[in-house]
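Atoms within a ligand are numbered from 1 in the order they appear, just like the ligands themselves.
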Amino acid sequence: MEIKPSFIELYRTGDLEKKSREAYDLLACCTLCPRNCMINRLQGQLGFCRSGFLPIVSSYNAHHGEEPPISGIRGSGTIFFSHCNLSCCYCQNWPISQLGQGQEVTVERLAGMMMDLQQRGCHNINFVTPSHMTAQILMALEIAVRQGFNLPLVYNTSGYDSLDSLKLLEGVIDIYLPDIRYIDPGAAERYSEARDYPSVNQAALREMWRQVGELQLDDQGIALRGMLVRHLVLPNGLSQTREALKFLAREISPRVHLSLMSQFFPAHRANQTAELGRSLSREEYQQAVEWAEEYGLENGWHQELDDTGGGPPDRIVKAT
Ligand code: SF4
């Protein structure tokens with residue numbers, strides 16, 4: 001099966017330019033994400049995400065550690081944005097997401113990175129932590145398409161995305177790769193400073209599913225279009241895993257692809273809270289796998305738990 005990225009047609013009709021301009025205008029009183037800071041990022045004002053106009057990129061590369069249909073054989077062309085619109089006390093990438101480590105780049109340079117990764121043979125471009133950079137992504141895409149860019153785009157997000165931004169991305173993003181982190185507003189407030197995360201996230205997942213639906217693969221098993229949801233299982237039931245899986249199965253679809261992640265370890269400020277001060281136990285992860293089965297979520301992947309309790313596991317195996 002071959003599907004052309006849908007943004008090619010948007011570019012041809014001029015709709016990509018319209019979307020890009022509309023998103024740019026939002027930066028003047030920023031409502032790009034659900035924080036609605038309403039500050040002028042075009043004049044360098046900083047909101048919750050501490051990002052002005054220019055994107056800050058911590059790294060870009062061919063990445064082989066994503067789920068098999070995303071990494072494929074030649075790697076996923078990941079572009080890691082610095083800063084984030086969440087503030088998770090256990091963030092494993094906290095030097096990037098919270099301290100903002102990275103280099104400020106122009107949108108032209110961002111387009112250049114996309115072209116470079118395409119030339120290196122990557123299967124897709126994977127924007128990591130993109131929610132505060134949707135305008136800059138649209139602007140860079142326009143430039144890249146003019147230069148012959150034609151890979152599927154992966155939107156690799158915490159799932160704290162506004163519906164208005166997602167509507168601007170309709171027809172632009174081919175593969176949504178969102179998290180579902182919490183169902184309980186209290187947990188979302190305590191651990192990520194986002195009490196409204198559950199309602200925002202559930203609306204976002206519905207919208208992403210409406211736009212792209214079930215994951216579609218080519219004859220080599222590489223993702224072309226669709227949605228793949230990640231759920232990081234936290235210790236002590238803090239990610240409300242059973243409820244999250246129930247939501248996916250009942251409110252999205254039992255056909256949705258799920259990546260059930262066991263790699264939690266107490267990074268950043270997690271050690272300051274007693275309940276997040278340890279890795280996930282084998283029993284807790286096994287229980288999560290059983291709940292996925294109970295709700296009929298048969299499409300997707302789970303990780304092997306590292307017996308040593310050392311670093312995060314790196315192998316993703318097909319769920320049975
Ligand atoms: S993108 Fe950043 S500045 Fe804009 S609303 Fe979200 S957190 Fe605030």
>> Measuring centre to centre across the rings, with the benzene-like ring taken for any Trp, is Tyr176 within less than 6.0 Å of Tyr155?
In response: yes
Indicate whether any N or O donor in one side chain lies under 3.5 Å from an N or O acceptor in the other, for [X] and [Y].
| X | Y | result |
| --- | --- | --- |
| Glu283 | Gln287 | no |
| Ser192 | Tyr182 | yes |
| Glu66 | Ser76 | no |

> What's the shortest heavy-atom distance between His64 and Ser71, and which atoms?
Replying inline: C-OG, 3.2 Å
> So which heavy atom in the protein is nearest atom 1 (S) of ligand 1, and how far is it from that ligand atom?
Replying inline: Arg41 NH1, 3.3 Å
>> Checking Cys49 now: which residues fulfil side chain to side chain contact (heavy atoms under 4.5 Å, CB included) with it, not counting sequence neighbours?
In response: Arg41, Ser51, His132
>> Check for me: within less than 2.8 Å of atom 8 (Fe) of ligand 1, which protein N/O/S atoms show up?
In response: Cys37 SG
